[in-house]
*Asks:* 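Quick one: structure below, then a few questions.
In this chain, numbering begins with 1 at the start of the sequence shown. Just so it is clear, the values below take in all heavy atoms, side chains as well, and ignore hydrogens, waters and symmetry mates. Note that ligands are numbered from 1 as they come in the structure, with each ligand's atoms numbered from 1 the same way.
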Amino acid sequence: MANQPKGLSESQVYDVLKSVNYPGYTYDIVSSGVVQGMDISGQHVRVVLQLNTNQQDIAAQLKQTTEEAVRAIPGVNTVAAEVRLKDQAQPGSPQNRNPFANMSALPGVRHVVAVASGKGGVGKSTVATNIAVALGMSGLRTGLLDADIYGPSIPLMMGVNEQPQVSHDNRIAPFVNHGIKMQSLGFFLGENAPVIWRGPMVMKAVQQLLKDTDWGELDALIIDLPPGTGDVQLTLVQTVPLTGAILVTTPQDLALLDVKKGAEMFKQVNAPLIGIVENMSFFVCPDCGTSTEVFRRGGGQKESERLGIPLLGRIPLDPVVCDTGDLGAPLVLSHPDTPAAEEFKAIAATVTELLSRGTGPAPIKIIN
Ligand SMILES: Nc1ncnc2c1ncn2[C@@H]1O[C@H](COP(=O)(O)OP(=O)(O)OP(=O)(O)O)[C@@H](O)[C@H]1O
Ligand SMILES: [Mg+2]
């Protein structure tokens with residue numbers, strides 16, 4: 001526009017709006033499709049935001065943070081952020097393009113964190129369980145959802161072997177063990193599940209388990225995913241807004257290659273990546289204490305640098321990790337002083353810190 005001060009452009013304003021997060025989430029308001037449009041007239045900027053909620057406090061908060069952010073741009077004099085509630089959506093508004101338009105947060109659950117890997121058997125369930133229990137030990141109200149239809153292992157690792165109860169109002173009660181509220185898709189599936197459960201059935205099961213479980217108030221819900229980028233992953237990211245995903249890998253090239261695919265999937269749906277956990281990184285000889293890099297060194301580090309996300313930790317290969325998993329006595333509780341348990345606790349502390357910052361460390365890509 002001719003009368004704009006030199007340098008003030010829409011893209012400049014968009015860039016600043018990308019630093020404004022949706023309250024309570026790590027998504028910025030541009031990536032999540034909340035910013036509907038803007039116009040710049042001289043030194044005045046008008047921004048229109050379209051919410052997918054009718055919550056007045058969210059609207060008020062967004063109006064304030066948006067106006068503050070835009071006002072700080074050199075050359076801007078006045079700002080008006082017009083925030084439209086869900087019921088005020090204009091027909092044909094870009095709300096329909098909002099990738100989170102069909103999502104609703106789980107009431108009472110502050111952060112949903114997925115634990116994922118491209119390749120099977122790298123230790124997702126072990127990592128998910130120990131991080132969840134470590135978070136619980138540090139005082140956070142934590143839940144653990146086993147969303148692995150192909151091989152649910154959380155019930156075994158958490159020492160639960162019961163059938164879930166459905167209450168009179170059709171809510172499913174989670175199991176509580178080791179201080180963690182737990183639920184598993186495995187409880188609801190028959191032996192042939194991986195063969196017959198496809199597409200829509202998987203979607204429905206994951207959605208129900210997430211939404212119909214009586215989680216109560218949780219600081220964090222950790223979700224153990226099946227390997228790869230299939231129906232469960234897609235359903236999850238389309239059902240609830242994820243705070244972020246933790247990628248688990250072993251150090252070999254093959255596992256790392258699959259991490260790339262996993263990272264791509266989460267990025268494509270704008271879910272931030274919290275970081276990488278490298279598992280089975282090295283083996284410490286119980287006799288001489290020598291540390292051996294079983295696979296190779298530096299794979300997780302290199303991948304984390306490539307993706308621009310933190311390497312949250314490196315877990316040693318230790319038979320006690322496997323034994324405690326099989327016994328349903330998570331390592332961080334049963335052997336808290338082992339190097340692997342110390343590393344899990346440090347990872348949980350880092351995750352807590354990242355969650356409390358409220359920002360996803362990974363840059364968020366906009367997918368059109
Ligand atoms: N650091 C470790 N040291 C020793 N054993 C481990 C370690 N991490 C995981 N394991 C063992 O390796 C096996 C696979 O781990 P886990 O089930 O956690 O992997 P996963 O990625 O969830 O597998 P899947 O893809 O089948 O779901 C388990 O028996 C587990 O106890
Ligand atoms: Mg698993």
Side-chain angles (χ1 to χ4, degrees), residues 113-134 144-160 180 182-187 189 193-194 197 202 206 209 222-233 236 245-252 254-259 261-262 265 276-286 291-297 299-300 311-336 338-348:
V113 175
V115 177
S117 75
K119 191 172 176 294
V122 295
K124 273 178 310 303
S125 304
T126 305
V127 169
T129 304
N130 280 288
I131 289 181
V133 175
L144 178 58
L145 174 66
D146 178 4
D148 190 348
I149 49 167
Y150 305 104
S153 38
I154 295 292
L156 175 75
M157 290 184 177
M158 287 294 286
V160 170
I180 303 298
M182 197 210 80
Q183 188 59 271
S184 172
L185 208 49
F187 292 142
L189 305 180
W197 283 61
V202 171
V206 172
L209 214 55
I222 309 293
I223 303 188
D224 179 32
L225 288 170
T229 54
D231 293 335
V232 174
Q233 285 81 352
L236 175 68
I246 295 173
L247 299 174
V248 183
T249 184
T250 49
Q252 312 97 304
L254 204 63
L256 288 163
L257 197 71
D258 286 322
V259 160
K261 285 188 218 153
M265 188 204 75
I276 292 185
V277 173
E278 189 187 90
N279 189 25
M280 309 189 204
S281 301
F282 53 94
F283 176 73
V284 181
C285 173
S291 181
T292 307
E293 308 283 338
V294 184
F295 300 112
R296 71 185 182 101
R297 194 179 164 75
L311 179 65
L312 299 169
R314 301 175 77 224
I315 313 290
L317 183 71
D318 185 340
V320 75
V321 176
C322 188
D323 295 345
T324 52
D326 289 350
L327 289 171
L331 184 84
V332 287
L333 258 185
S334 58
H335 295 71
T338 54
E342 296 287 7
E343 190 71 358
F344 277 127
K345 286 187 280 182
I347 292 169

*Asks:* Could you check whether any side-chain heavy atom of Thr249 comes within less than 4.5 Å of a side-chain heavy atom of Val122, counting everything from C-beta outward?
*Replies:*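 A side-chain contact under 4.5 Å is absent here.
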*Asks:* Under 3.5 Å, side chain of Lys261 to main-chain N/O of Ser117, donor-acceptor pair present?
*Replies:*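 Checking the backbone N and O of Ser117 against the side chain of Lys261, no donor-acceptor pair under 3.5 Å is found.
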*Asks:* So, the side chain of Glu343 versus the backbone of Thr338: is there a donor-acceptor pair under 3.5 Å, distance only?
*Replies:*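 Absent.
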*Asks:* Can you tell which part of Asn279 has a heavy atom less than 4.0 Å from ligand 1: side chain, backbone, both or neither?
*Replies:*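 The answer is the side chain.
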*Asks:* Pick out which of Leu236, Val115, Asp148 makes a side chain to side chain contact (heavy atoms under 4.5 Å, CB included) with Leu225.
*Replies:*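 Filter result, single survivor: Leu236.
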*Asks:* Could you check which of Pro316, Ser153, Ala340 puts a non-hydrogen atom nearest to atom 1 (N) of ligand 1?
*Replies:*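 Heavy atom nearest to atom 1 (N) of ligand 1 belongs to Pro316.
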*Asks:* Report, in ascending order of atom number, the atoms of ligand 1 lying under 4.0 Å from any heavy atom of Asp148.
*Replies:*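 Per the distance check, 27 (O).
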*Asks:* Can you name the atoms of ligand 1, numbered from 1 with element, that are less than 4.0 Å from a heavy atom of Gly120?
*Replies:*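 So the atoms of ligand 1 that pass are 25 (O).
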*Asks:* Provide, to 0.1 Å, the distance between atom 20 (P) of ligand 1 and the closest protein heavy atom, together with that atom's residue and name.
*Replies:*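 Here the closest protein heavy atom is Lys124 N, 3.4 Å.
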*Asks:* Does even one non-hydrogen atom of Gly325 get within less than 4.0 Å of ligand 1?
*Replies:*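 No; Gly325 lies far enough from ligand 1 that no heavy-atom distance drops under 4.0 Å.
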*Asks:* For atom 19 (O) of ligand 1, what's the nearest protein heavy-atom neighbour? Residue, atom name and distance, please.
*Replies:*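 The protein heavy atom lying closest is Gly123 N, 3.0 Å.
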*Asks:* Can Pro227 be said to touch ligand 1, with heavy atoms closer than 4.0 Å?
*Replies:*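 Yes.
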*Asks:* Among all protein heavy atoms in this structure, tell me which lies nearest to atom 29 (O) of ligand 1, with the distance rounded to 0.1 Å.
*Replies:*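 The closest heavy atom on the protein side is Cys322 SG, 3.6 Å.
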*Asks:* For atom 17 (O) of ligand 1, what's the nearest protein heavy-atom neighbour? Residue, atom name and distance, please.
*Replies:*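 Looking only at protein heavy atoms, the one closest to atom 17 (O) of ligand 1 is Met157 CE, 3.6 Å.
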*Asks:* Looking only at non-hydrogen atoms, find the nearest pair between Glu278 and Arg314 and report the distance.
*Replies:*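 Scanning both residues, the minimum pair turns out to be OE1-NE, 3.0 Å.
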*Asks:* Should the proximity of Val248 to ligand 1, defined as any heavy atom under 4.0 Å, be assigned to the side chain, the backbone, both, or neither?
*Replies:*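 The answer is neither; Val248 stays 4.0 Å or more away.
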*Asks:* Search all heavy atoms of Gly186 against all heavy atoms of Pro152 and return the closest pair with its distance.
*Replies:*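 So the minimum-distance heavy-atom pair works out to CA-CG, 3.3 Å.
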*Asks:* To the nearest 0.5 Å, tell me how far Lys124 NZ sits from Ser153 OG.
*Replies:*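 Between atom NZ of Lys124 and atom OG of Ser153 there are 8.0 Å.
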*Asks:* Where is the nearest protein heavy atom to atom 12 (O) of ligand 1: which residue, which atom, and how far?
*Replies:*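 Looking only at protein heavy atoms, the one closest to atom 12 (O) of ligand 1 is Met280 CE, 3.9 Å.
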*Asks:* Return a yes/no value: protein heavy atom under 4.0 Å from atom 4 (C) of ligand 1?
*Replies:*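 Yes, there is a protein heavy atom closer to it than 4.0 Å.
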*Asks:* Quick one: look up the protein heavy atom nearest atom 14 (C) of ligand 1 and list residue, atom name and how far away it is.
*Replies:*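 Here the closest protein heavy atom is Gly121 O, 4.0 Å.
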*Asks:* Give the residue, atom name and distance (to 0.1 Å) of the protein heavy atom nearest atom 30 (C) of ligand 1.
*Replies:*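 Of every protein heavy atom, Thr126 OG1, 3.7 Å lies nearest to atom 30 (C) of ligand 1.
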*Asks:* Looking at Thr129 and Ser125, what are the two nearest heavy atoms and their distance?
*Replies:*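 Minimum heavy-atom separation between Thr129 and Ser125: OG1-O, 2.7 Å.
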*Asks:* Do Asn279 and Thr250 pass the side chain to side chain donor-acceptor pair (under 3.5 Å) test, and can you show the C-alpha distance, the side-chain angles, and the key distance before you say yes or no?
*Replies:* CA-CA 5 Å; Asn279 189 25; Thr250 49; over 6 Å; no
*Asks:* Report yes or no: does Ser125 have an N/O/S atom closer than 2.8 Å to the Mg ion (ligand 2)?
*Replies:*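 Yes - counting backbone and side chain alike, Ser125 has an N, O or S atom under 2.8 Å.
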*Asks:* Between Asn130 (side chain) and Val332 (backbone), is there a donor-acceptor pair under 3.5 Å?
*Replies:*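 Present.
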*Asks:* Considering only heavy atoms of Ser125, which atoms of ligand 1 have at least one such atom less than 4.0 Å away?
*Replies:*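 By the 4.0 Å cutoff, the relevant atoms are 18 (O), 20 (P), 22 (O).
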*Asks:* Which heavy-atom pair separates Val232 from Ala147 by the least distance, and what is that distance?
*Replies:*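 Reported closest heavy-atom pair: CG1-O, 3.4 Å.
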*Asks:* Please report which non-hydrogen protein atom sits nearest to atom 7 (C) of ligand 1, along with the residue it belongs to and the distance in Å to one decimal place.
*Replies:*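 Answer for atom 7 (C) of ligand 1: Val321 CG1, 3.5 Å.
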